[in-house]
Number of protein chains: 2
Amino acid sequence: MRKTKQQAQLTKEAILAAALQCFSEQGFFNTSLDDIAKSANVTRGAVYWHFSNKADIFDALHEQLHEPFIKIILQDLEVESQHPIKQLKQLCIKLLHELGDNPSKISTMKLFFQCDYSGDLAQFKQLHQNKKLQSLELFEQYFKRAQNNRLINPDTNPRILTLTLHCFLKGVLFEYLNHSDLIDLTAHSESLIEQLFQGLEDCHGTKQSI
Amino acid sequence: MRKTKQQAQLTKEAILAAALQCFSEQGFFNTSLDDIAKSANVTRGAVYWHFSNKADIFDALHEQLHEPFIKIILQDLEVESQHPIKQLKQLCIKLLHELGDNPSKISTMKLFFQCDYSGDLAQFKQLHQNKKLQSLELFEQYFKRAQNNRLINPDTNPRILTLTLHCFLKGVLFEYLNHSDLIDLTAHSESLIEQLFQGLEDCHGTKQSI
DNA sequence: TATTATACATACACGAATGTATGTTGTCAA
DNA sequence: TTGACAACATACATTCGTGTATGTATAATA
């Protein structure tokens, strides 16, 4: 019955995968730990060994989605391109492509897009929001570098540019996640990003938001 | 103990109001019928007298939000303006204003915007979607009338115009509901609608969506 | 005015889910 | 090779919410 360390890691991952599937199909609050356990071919004992409760699994799924994103961005930021905006554009395309090629990541995103952080999940609302802000700050680095290189108007607030990019990506993903017939990420992500960056690169801080 | 008919109607409305508040604060799946009952200063007995279960209350809230909207549109459609597009514009402004002035309707919309129709709510996913489509068809009437009056390009698909309007309104409401600091419905709804209809009225079917 | 059905409050039975306590077996380290 | 502990499975207690059954006072009705 006792498994080796690698086997134990596999069951942990199996539990996470099963939880993701259950949450996606039945929603977080309508899946019991027994549902997850059975779906992973283990018992609740295994689940409680690897996680402290259902909310903990939820948080682990969020970390599993967020961590590689941060890693990719941090790694990309290590090289200082002469054209940070173009570098960022390429990064966005890369990220969207990776999403399109990864159905489980799609499911995870959908889960966090629509979930209502209440009850057991309330404790993670601020934490996950902070993680989002953390990644936004990383994106902002590109615009700051661009401003240092005199590539964009010095009066433009880098944070506004970052928010623009973020809202756009959110809108694209929202449409994609809810009406996947409308948008094909692998096919359209490049043109969508190109279209947006067209505006960002031309930005001279003249446009007013409401 | 026995109440008059009007009093009974009042308690029913009190239960609905209490349910809305509970759902908004704790989420649908994290509020018990006892929560609702206590919040309405009644017992679960009263709740079960007026509604068959929690999901039924949820559906009643949806109907309570949807029905007056439909009524307003149907009533507006009774007069056949010479300029159906302008008529529609005025209607949209009116609807947005009414939303902005009605906090409980705002809460209800937020509830249905973010909810994840799983578990007990799965039965209403299609029904509520159908209700939405029903209102879309009413909106479409305006564009059809405009086309009959040769006010817009005959090649333009009225349904596309309707979808454009719908997506725009959805986007505005989504931003408003989630970041009410960004948009003030009573202050901005007119200019927002004006801006959109600028494009719709000029529409000659030349613009291509992705 | 007597009766009946209404509009609830109260009480009860039941299942489902959770968390924990304990049992079991195999692995690894010494 | 042999304890000791890791990686679970099993069993148990407890809570919570639901649905329903029953009680009850009073408004409507005849």
Side-chain angles (χ1 to χ4, degrees), chain A residues 1-61 115-116 118-124, chain B residues 1-61 115-116 118-124:
Chain A
M1 186 167 289
R2 163 86 185 272
K3 307 260 186 75
T4 173
K5 289 228 172 193
Q6 295 111 37
Q7 283 175 316
Q9 180 62 22
L10 285 180
T11 65
K12 180 170 185 175
E13 288 166 11
I15 291 171
L16 278 176
L20 174 58
Q21 188 177 348
C22 289
F23 292 163
S24 298
E25 289 173 0
Q26 327 173 48
F28 175 83
F29 295 109
N30 292 297
T31 71
S32 67
L33 288 182
D34 201 48
D35 290 336
I36 297 172
K38 275 176 182 162
S39 174
N41 288 323
V42 291
T43 66
R44 271 171 50 247
V47 176
Y48 273 105
W49 174 256
H50 288 287
F51 306 95
S52 57
N53 50 38
K54 198 167 70 170
D56 188 33
I57 300 179
F58 179 82
D59 187 46
L61 282 175
C115 95
D116 70 340
S118 64
D120 291 342
L121 300 184
Q123 51 181 319
F124 297 119
Chain B
M1 188 169 286
R2 162 87 184 268
K3 306 262 186 75
T4 174
K5 289 228 174 195
Q6 295 111 37
Q7 284 175 318
Q9 180 61 24
L10 284 181
T11 64
K12 181 170 183 176
E13 287 166 12
I15 291 170
L16 278 176
L20 175 57
Q21 189 177 347
C22 289
F23 292 162
S24 297
E25 288 174 359
Q26 328 173 59
F28 175 83
F29 296 108
N30 291 299
T31 70
S32 67
L33 287 183
D34 201 47
D35 291 336
I36 297 172
K38 276 177 180 161
S39 174
N41 287 322
V42 292
T43 66
R44 270 171 52 247
V47 177
Y48 272 106
W49 174 257
H50 288 286
F51 305 95
S52 57
N53 49 38
K54 197 168 70 170
D56 188 33
I57 300 179
F58 180 82
D59 188 44
L61 282 174
C115 96
D116 71 341
S118 64
D120 291 342
L121 299 184
Q123 50 179 321
F124 298 119

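None of these values were measured; they are calculated from a predicted model. Throughout, a chain's letter reflects where its sequence line sits, starting with A, and its residues are numbered from 1.
Counting non-hydrogen atoms under 4.0 angstrom, B:Ser32 reaches the backbone sugars and phosphates but no base.
Closest of all the heavy-atom pairs between A:Ala60 and A:Leu16 is CB-CD2, 3.8 Å. Summarising the geometry of B:Ala14 relative to B:Ala40, their closest heavy-atom pair is O-CB, 3.8 Å, with the distance given to 0.1 Å. Residues A:Arg44 and A:Ala37 come closest through the heavy atom pair N-CB, 3.7 Å. Between A:Gln26 and A:Asn30, the shortest heavy-atom distance links the atoms O-CB, 3.1 Å.
Rounded to an integer number of Å, the gap from CG of A:Asn30 to C1' of C:dA16 is 13 Å. Separating the NZ atom of B:Lys5 from the C1' atom of C:dC8 is a distance of 15 Å, rounded to the nearest angstrom. The separation between A:Leu33 atom CG and C:dT18 atom P is 4 Å, rounded to whole Å. One can place CZ of A:Phe29 at 15 Å from P of C:dA17, the figure rounded to the nearest angstrom. To the nearest angstrom, P of C:dA7 lies 12 Å from CD1 of B:Ile15. We find that CG of A:Asp34 is positioned 12 Å from P of D:dA9, with the value rounded to whole Å. In this structure, B:Phe28 atom CZ and D:dG17 atom C1' are separated by 13 Å, rounded to whole Å. Between the P atom of C:dA9 and the CD1 atom of B:Ile36 lies a distance of 14 Å, rounded to the nearest Å.
Nearer to the 5' terminus of DNA chain C, by closest-nucleotide assignment, is the contact made by B:Ala8 (compared with the other of B:Ala8 and A:Thr31). Toward the 5' end of DNA chain D, the nearer of the two residues B:Gln6 and B:Tyr48, judged by each one's closest nucleotide, is B:Tyr48. Mapping B:Asp35 and B:Gln7 onto DNA chain D by nearest heavy atom places B:Asp35 closer to the 5' end of the strand.
At the phosphate of C:dC8, OP1 or OP2 sits under 4.0 Å from a side-chain N or O atom of B:Thr11. For B:His50 and C:dA7, the shortest distance from a side-chain N or O to OP1 or OP2 is not below 4.0 Å. Considering only side-chain N and O atoms, B:Thr4 lies nowhere under 4.0 angstrom from the phosphate OP1 or OP2 of D:dT26. Remark: B:Trp49 is not in phosphate contact with C:dC8, judged by side-chain N or O atoms under 4.0 Å from OP1 or OP2.
A tilted orientation is assigned to the rings of A:Phe23 and A:Phe28, their planes being inclined by 30° to 60°.
The base of D:dA27 sits within donor-acceptor range of the side chain of B:Arg2, with an N or O pair under 3.5 Å.
For A:Thr43, the side-chain atoms get nearest to D:dT10 when compared with the rest of D:dT10, C:dT18, C:dC8. Closest approach to the B:Arg44 side chain among D:dG19, D:dT10, C:dC8 is made by D:dG19 (side chain taken as heavy atoms from C-beta onward).
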